Engineer: 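There's a structure below that I have some questions on.
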Amino acid sequence: KNEVEQSPQNLTAQEGEFITINCSYSVGISALHWLQQHPGGGIVSLFMLSSGKKKHGRLIATINIQEKHSSLHITASHPRDSAVYICAVPSNTGTASKLTFGTGTRLQVTL
Amino acid sequence: KAGVTQTPRYLIKTRGQQVTLSCSPISGHRSVSWYQQTPGQGLQFLFEYFSETQRNKGNFPGRFSGRQFSNSRSEMNVSTLELGDSALYLCASSLAGAVTEAFFGQGTRLTVV
């Protein structure tokens, strides 16, 4: 079983829709990362959170440490939000110097 | 503030050759991690360097190695290239490892023919 699981794997939405991507993890963590990867390959860090909720523009990330679950929400989605969204958690052993990644959610937003 | 810079962006090599990839982290960041991304395996951790020391290593053969210099720039080397080494190689810099915000480079796309 993967340490980090994401759902859905693929998501198609129309412009303006509210989108939710879920991430569940099986180990205790101190923080969780949400990342965005566009077709060109580069990865952008969207959020790092350890509790509660964070908001940046139309993006909102929440985490429930007790339930080992996090969600990424996109409000008023736009075609430029089309990308792969990946959640990642630090390893919980040693120096926590590595990230373990979910398989990603491929989002396509159409006009 | 300059971002993470990886060079080269694209590389084509022949089986059996070796390759060196470079990563310049954000100024002040002492941790550099390397990841391999393939369609089949997704993103996998290769190794992490912190203050010129390898702190953690992923489950990759010894053909994959790396180092970090005193200015925090890091290189990774793959010797005796195999077709399966074709991948996007990403580095991420952070202040103190995976529990701090990670900033990724654009990656180096390696094709082995």
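Because the structure is predicted, anything quoted here is derived from the model rather than measured. Here is how names work: the chains are called A, B, and so on, in the same order as the sequence lines, proteins then strands, and each is numbered from 1.
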Engineer: Taking the ring of A:H73 and the ring of A:F18, is the distance between their centroids below 6.0 Å?
Structural biologist: yes

Engineer: Which bit of B:Y35 is near chain A, if near means a heavy-atom gap under 4.5 Å: side chain, backbone, both or neither?
Structural biologist: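 The answer is the side chain of B:Y35.
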
Engineer: Centres of the B:F45 and A:F101 rings: under 6.0 Å?
Structural biologist: no

Engineer: Apply side-chain hydrogen bond (donor to acceptor under 3.5 Å, both in side chains) to the pair B:R30 and B:S51, showing each step before the final yes or no.
Structural biologist: CA-CA 6 Å; B:R30 293 161 68 188; B:S51 294; 2.9 Å; yes

Engineer: side-chain hydrogen bond (donor to acceptor under 3.5 Å, both in side chains) between A:Q6 and A:T105: does it pass, once the steps are laid out?
Structural biologist: CA-CA 7 Å; A:Q6 280 185 243; A:T105 295; 3.2 Å; yes

Engineer: Below 6.0 angstrom between ring centroids: does that apply to B:Y49 and B:F47?
Structural biologist: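 Yes, ring centres under 6.0 Å apart.
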
Engineer: At a heavy-atom separation under 4.5 Å, does B:Q37 approach chain A through its side chain, its backbone, both, or neither?
Structural biologist: side chain

Engineer: At a heavy-atom distance under 4.5 Å, which candidate from A:S45, A:G102, A:A31, A:A88 has the highest pair count against chain B?
Structural biologist: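 Counting heavy-atom pairs under 4.5 Å, the top option is A:S45.
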
Engineer: Looking at chain A, which one of B:E101, B:R109, B:Q6 has the largest number of heavy-atom pairs inside 4.5 Å, strictly under?
Structural biologist: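 Heavy-atom pairs under 4.5 Å are most numerous for B:E101.
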
Engineer: Under 4.5 Å heavy-atom distance to chain B, tell me which part of A:L32 shows up: side chain, backbone, both or neither.
Structural biologist: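 Neither; nothing under 4.5 Å.
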
Engineer: Relative to chain A, which segment of B:S31 carries a heavy atom at a distance below 4.5 Å: side chain, backbone, both, or neither?
Structural biologist: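 Neither part.
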
Engineer: Assess whether a salt bridge exists between B:E48 and B:R55, defined as any Lys/Arg side-chain N lying under 4.0 Å from an Asp/Glu carboxylate O.
Structural biologist: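 Counted as a salt bridge, because a side-chain N and a carboxylate O are separated by less than 4.0 Å.
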
Engineer: Name the region of B:L88, side chain, backbone, both or neither, that has any atom closer than 4.5 Å to a heavy atom of chain A.
Structural biologist: side chain

Engineer: Pick one of side chain, backbone, both or neither for B:S94, based on which atoms fall under 4.5 Å of a heavy atom in chain A.
Structural biologist: neither

